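To keep things clear, I will list the structure first and then write my remarks on it.
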There are 2 protein chains.
Amino acid sequence: MTDAGRDGKPDAETPGTVEGRGSDVIARIHRAIRQRILSGDLPPGTHLAAAEIAGEFRVSRTPAREALLLLASQGFVDVIPNRGAYVRNWSREDIEEVFDLRALLEPHAAARAASRASAQDVAELEALASEMETASRSRSASDRDRLAVLNDRFHRRIASIAGGPRLERFINDTYELVLQAWTFGTFSDEDMARSMMHHRDLISAFRTGDAALAHAVMESHILNARRRYVDRPEAGIDFAED
Amino acid sequence: MTDAGRDGKPDAETPGTVEGRGSDVIARIHRAIRQRILSGDLPPGTHLAAAEIAGEFRVSRTPAREALLLLASQGFVDVIPNRGAYVRNWSREDIEEVFDLRALLEPHAAARAASRASAQDVAELEALASEMETASRSRSASDRDRLAVLNDRFHRRIASIAGGPRLERFINDTYELVLQAWTFGTFSDEDMARSMMHHRDLISAFRTGDAALAHAVMESHILNARRRYVDRPEAGIDFAED
DNA sequence: GAAAACATGATTGCATGCACTTTGCCCCTG
DNA sequence: CAGGGGCAAAGTGCATGCAATCATGTTTTC
């Protein structure tokens, strides 16, 4: 079972020094650095020195280095031999590719999920959709953040229900970026209503096991998001024009 | 342009990967172990001890460990904390998922490639297709191996021409498995002829920039392979029924 | 006799040390 | 003053050491 755990918030402030052996140091560093890259805290081109990271997380250079290697294998940083890791530049083409891949992968996942979703799965998705609708009626920053988290969980849950480990991994790898690009900040009321309706349509398709419908709804859902993004790219990541 | 030797990856920039020049010990170990896993030399469940690998490759445990971490991030092995890395079991469902993903990703890549292929690209693919046709007329083991290598290169080249780094990475990650499952060993003359014709049809679509045709041809190409595989799974990887 | 507890051996995970590469600055030369 | 060579600082990449953890076989206890 995949980590159905908490939201993507890294427990940045762990009071005291819980030098817990056995706590997965590599994974923690990996998540923290990835979060900083996605949030723009570490701008593209930044040199990530192993010693620096090690010092900050109070560990040695070995786990820091291994976390960097993992980030490299996922495409977040480029590792140049004997020179270290550099935060990768996300170009406009990168973002567009991500949307293309989402438009390819997620409808496929939705169709599979429609064929496999249990009543329990549908109930979970409905709970998420209800929460999102509640949050969507507010414009407070915290509710918008919560909406992004819930939306993330909703889509990941569908990928999980689809039941293919590689498909799920691809979607999750692809999805990271979207979280940053798509902050719900630019949604009009109409956009928001349509997005919420898409979720309900998806759930409906899941309940009746209608794979073709789920596929179509998800595709339109993604393509809408893509269009919204392409129309106003300045709202997302500031691109490095190099 | 260096001679494209046995290494299927020339100078193509594969972002995020750690394919460095020189004494890249990690990448070498990574490739070697992956090859053994795919070839069945290391059966599922095998415990990969860091010290053992280190000794065999005459390096220390650190790069061996890091190669294992990379393999884990790609799903080839499972790393259990404080217990080490174990070769992952490939179930029938895993293979079927791989074919599903290929049937999803590669037609997409083919369509993109059709819109972007240069005359140079088309010429390269034609050269590969010609070589494959020559090799396909023989039944010697070496020619069959060569055919697999050429086919691999053909499909990867298309993914490369498609021009999306993540798409290319997904396809390459997915493709590894197929190399083992699909050894051309079970091809009838008719299957072989059809496969070769698909390649020519693809090239034709690339030359005329017909994305829809390229998509359709690739999809039928993959689904044919999938069907052939599903019909006689015993010809490929021996599944671990756990 | 069976189950629990202990001791032992093996292995992982992290820390640290060291050689090699790269880079940037300074000095020297023309 | 411009260009080239060399030197030093920094940082990576790999080797090695050590404590914590887990598996296994033996002993102890009921």
Side-chain angles (χ1 to χ4, degrees), chain A residues 11 14 16-33 36-37 42-88, chain B residues 13-33 36-37 42-88 242:
Chain A
D11 37 291
T14 39
T17 47
V18 190
E19 298 287 15
R21 299 280 292 191
S23 67
D24 201 339
V25 181
I26 296 173
R28 185 175 32 187
I29 297 177
H30 174 92
R31 273 197 303 267
I33 301 294
R36 289 187 201 172
I37 292 175
L42 292 172
T46 306
H47 180 215
L48 300 177
E52 203 175 333
I53 296 173
E56 186 190 326
F57 288 87
R58 306 296 184 138
V59 295
S60 79
R61 282 168 30 232
T62 305
R65 169 186 164 78
E66 286 164 355
L68 289 177
L69 286 177
L70 282 184
L71 287 170
S73 78
Q74 295 176 347
F76 288 103
V77 302
D78 289 323
V79 169
I80 304 174
N82 285 322
R83 289 199 26 192
Y86 292 83
V87 177
R88 187 137 192 274
Chain B
E13 62 164 21
T14 47
T17 53
V18 200
E19 307 265 344
R21 302 281 181 267
S23 67
D24 199 339
V25 181
I26 296 173
R28 185 169 26 148
I29 297 177
H30 174 92
R31 274 197 299 267
I33 301 294
R36 289 187 202 171
I37 292 175
L42 291 172
T46 307
H47 181 214
L48 299 177
E52 202 175 335
I53 296 173
E56 185 190 326
F57 287 87
R58 307 297 186 128
V59 295
S60 78
R61 282 169 34 230
T62 305
R65 169 186 164 79
E66 286 165 354
L68 289 177
L69 285 178
L70 282 184
L71 286 169
S73 79
Q74 295 176 347
F76 288 103
V77 302
D78 289 322
V79 168
I80 304 173
N82 285 322
R83 288 198 24 190
Y86 292 83
V87 177
R88 188 137 187 264
D242 54 342

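Computed from a predicted model, the values in this text were never measured in an experiment. In what follows, every chain begins at residue 1, and chains take the letters A, B, ... in the order their sequences are listed.
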A:Ile80 CD1 to D:dG11 P, straight-line distance once rounded to whole Å: 15 Å
Residue-phosphate contact under 4.0 Å: B:Ser60 side-chain N/O, D:dA15 OP1/OP2: yes
Output a table of nitrogen or oxygen pairs between the protein and nucleotides 21-25 of chain C separated by less than 3.5 Å.
from, atom 1, to, atom 2, distance (Å)
C:dT23, OP1, A:Arg83, NH1, 2.9

Return the value, rounded to whole Å, for the distance between atom CG of A:Leu68 and atom P of D:dG11. 14 Å
Residue B:Ala49, side-chain heavy atoms: nucleotide from C:dG13, D:dT12, C:dT12 that is nearest: C:dT12
Calculate the interatomic distance between B:Ile29 atom CD1 and D:dA15 atom C1'; express it in whole Å. 13 Å
Mind jotting down which residue pairs meet the side-chain hydrogen bond (donor to acceptor under 3.5 Å, both in side chains) criterion with at least one end in residues 44-56 of chain A? Sequence neighbours excluded, please. A:Arg36-A:Glu56
Rounded distance (Å) that lies between atom P of C:dA15 and atom CZ of A:Phe57: 13 Å
Atom pair distance, as rounded to whole Å: CG in B:Asp24 and C1' in D:dT12: 12 Å
Could you pull out all residues at least two apart from B:Ala51 that satisfy side-chain contact (heavy atoms from CB on, under 4.5 Å)? B:Arg61
Nearest whole angstrom, please: distance from the P of C:dG13 to the CG of B:Leu69. 8 Å
Closest heavy-atom contact between A:Ala64 and A:Ala50? CB-O, 3.7 Å
Angle between terminal axes - the helix from C:dG1-D:dC30 to C:dG30-D:dC1, 5 pairs each end, rounded to 10°: 10°
Using the side-chain heavy atoms of A:Pro63, tell me which of these nucleotides is nearest: C:dA15, C:dG13, D:dC14. C:dA15
Nearest whole Å is fine: how far is D:dA15 P from B:Arg58 CZ? 12 Å
Show the nearest heavy-atom pair for residues B:Val25 and B:Pro63, with the distance to one decimal. CG1-CB, 4.2 Å
Counting only pairs under 3.5 Å, give me each side-chain donor-acceptor contact of residues 67-81 of chain B, with atom names and distances, residues two or more places apart or in other chains.
from, atom 1, to, atom 2, distance (Å)
B:Ser73, OG, B:Leu70, O, 2.8
B:Gln74, OE1, B:His30, NE2, 3.2

Looking only at heavy atoms, which two atoms of B:Tyr86 and B:Gly45 are closest? And how far apart? CD2-O, 3.5 Å
Atom pair CD1/CG of B:Ile53 and B:Leu48 - distance to nearest 0.5 Å: 5.0 Å
Would you tell me if any nitrogen or oxygen in the side chain of A:Thr62 comes within less than 4.0 Å of OP1 or OP2 on C:dC14? no
Kindly give the heavy-atom pair with the smallest separation between A:Ser60 and A:Ala54, and that separation in Å. O-CB, 3.3 Å
Hey, is the side chain of B:His47 poking within less than 4.0 Å of OP1 or OP2 on D:dC22, counting only N and O atoms? no
Would you list the pairs meeting salt bridge (Lys or Arg N to Asp or Glu O under 4.0 Å) in which at least one residue belongs to residues 62-72 of chain B, sequence neighbours left out? A:Arg65-B:Glu66, A:Glu66-B:Arg65
Taking atom types as they are modelled, is there a donor-acceptor pair under 3.5 Å from the base of D:dG11 to the side chain of A:Arg65? no
Pick base, sugar-phosphate or nothing for B:Ala54, based on heavy-atom distances below 4.0 Å to the nucleic acid. nothing
Roughly how many Å is it from NE2 in A:His30 to P in C:dC14, rounded to a whole number? 15 Å
